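Structure first, then comments.
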Amino acid sequence: MMNLQRPASRFACATAVAVFMLLLCCGCGKNDDRYGEQVSANSSAPRAAGKKLNVVATISIIGDWVHVVGGDDIDLKTLVGPDGDPHEYEPVPSDNLELAQADIVFQNGLGLENWLDKLLLASQSKALRIVVTSGIQVRGIPAAEAGPFATGREDDRDPHAWQDVSNASAMVSNIAIALGAADRPHASAYRSRAYDYVRQLSELDQWVKDQINSLPPARRKLVTSHDAFGYFGQRYGVDVTRSALESVTSEASDPSAQQIASVVAGIKSAGVPAIFLENVQNPKLIDQIADQAQVKVAPSLYSDALGQPGTAGDTYLKMIRYNVNTMVKALSQ
Ligand code: ZN
């Protein structure tokens, strides 16, 4: 009984927030890049009767959700595909046409897609712009977490909200509301698919909790090459504060021996049996660092993108299961 009620009430709550934001912002075309990045909308051109909605999703994870909710009732294009890094996206010429033709663009917001404003402007897109993280509890990035290698990034909001499965429910609900508002004849289909999926998300959320809780508390520590797992750690009780690996694995120039030594010392003091890579990055030096710290390198986690079709991470549900299975296996050894 609880399993049926919990997602329903969460869905209703997120739905109410999304509707509110949509109504609130409809017609305010200006998009303040920090505080106004909620659900902002330009008036979109009326579609011909019977024509499917043209929908663009910025990243593969959001694309997966839009596909689940929209089904065959929409035409969907995703800009940053599987294994693509949304922080460093290099637009391709076809993006321009896809955005120009789009009725709705779904984005994560929270500073993830800093390249999108320019693309939308260049394409003269009239699309509704929906920030799917609207209404979620945004996680700030604590200064301490950036560590001695802080890059002085402009945006201190953590964009990786999808790593908390309960956030995914809210984001999927936002997608269903926005699609339904733009395409009323299919609104109940969008709502019903979203409802079914949110139930699966709710089960997945509980499964992740159970899996992480199966690890001894001292083993619930994640050392990764990029700080994508803050929301995950917060939701499921995993310590991800020692992620300075990024400083030595993603820099253009080779890190100094001193930097490497500092990261190795950090891993050793964390007392973890394994460190983790991510699918959107190609870290150098990781084997050397793992060797010096006397830990294993676990298989790559899916952080900011789904895997290629046919891989263990080619949908959001699969990617979360794969990540958690990989973590539990590597950390329990
Ligand atoms: Zn990221």
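Side-chain atoms are counted along with the backbone in the values below, which use heavy atoms only and exclude waters and symmetry mates. None of these values were measured; they are calculated from a predicted model.
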Item to check | Connected via hydrophobic side-chain network under 4.5 Å: Leu97 and Ile104 | outcome: no
Checklist entry - Relative to each other, are the rings of His186 and Tyr190 parallel, tilted or perpendicular (30° and 60° limits)? => result tilted
Item to check | Phe276 vs Ile286, side-chain contact (heavy atoms from CB on, under 4.5 Å): CA-CA, chis, key distance, verdict | outcome: CA-CA 9 Å; Phe276 295 86; Ile286 200 84; over 6 Å; no
Next on the checklist: Around atom CD of Glu90, are there more than 12 heavy atoms from other residues, nucleotides or ligands closer than 6.0 Å?
Outcome noted: no
Next on the checklist: Checking the side chain of Tyr316 only, and the main-chain atoms of Trp162 only, is there a donor and an acceptor separated by less than 3.5 Å?
Outcome noted: yes
Next on the checklist: Quick one: does any side-chain atom of Tyr236 pair with a main-chain N or O of Gln211 as donor and acceptor, under 3.5 Å?
Outcome noted: no
Checklist entry - Looking only at heavy atoms, which two atoms of Val223 and Ala270 are closest? And how far apart? => result CG2-CB, 4.5 Å
Next on the checklist: Donor-acceptor pair, distance only, cut-off 3.5 Å: does the side chain of Arg220 make one with the backbone of Asp239?
Outcome noted: no
Checklist entry - What pair of heavy atoms forms the shortest contact from Pro82 to Gln308, and how long is it? => result O-NE2, 3.5 Å
Checklist entry - Where is the tightest heavy-atom contact between Trp65 and Ala168, given as atom of each residue plus distance? => result CZ2-CB, 3.5 Å
Item to check | Under 3.5 Å donor-acceptor, Glu113 side chain and Gly109 backbone | outcome: yes
Checklist outcome for this item: One should read off an interatomic distance between Arg157 CZ and Leu112 CG, to the nearest 0.5 angstrom, of 10.5 Å
Next on the checklist: Looking at Gln137, I want to see if its CD is surrounded by more than 12 non-hydrogen atoms of other residues, nucleotides or ligands under 6.0 Å.
Outcome noted: no
Next on the checklist: I'd like to know if the side chain of Ser60 reaches the main chain of Leu306, judged simply by a donor and an acceptor atom lying under 3.5 Å from each other, with no hydrogens or angles considered.
Outcome noted: yes
Next on the checklist: What I want to check is whether the side chains of Asp85 and His87 have a donor and an acceptor closer together than 3.5 Å.
Outcome noted: no
Next on the checklist: Are Val92 and Val56 linked, directly or through intermediate hydrophobic residues, by side-chain heavy-atom contacts shorter than 4.5 Å (ILVMFWY only)?
Outcome noted: yes
Next on the checklist: Using a 3.5 Å distance criterion without hydrogens, assess whether the side chain of Asn323 forms a donor-acceptor pair with backbone atoms of Tyr302.
Outcome noted: yes
With a cut-off of 3.5 Å and sequence neighbours excluded, list every side-chain donor-acceptor pair involving residues 66-78.
| residue | atom | partner | partner atom | Å |
| --- | --- | --- | --- | --- |
| Asp73 | OD2 | Arg193 | NH1 | 3.4 |
| Asp73 | OD2 | Arg193 | NH2 | 2.8 |

Checklist entry - Hey, are Gln200 and Asp196 close enough side-chain-wise for a donor-acceptor pair under 3.5 Å? => result no
Checklist entry - If only atom types and distance count, is the side chain of Thr133 paired as donor or acceptor with the main-chain N or O of Asn108 below 3.5 Å? => result yes
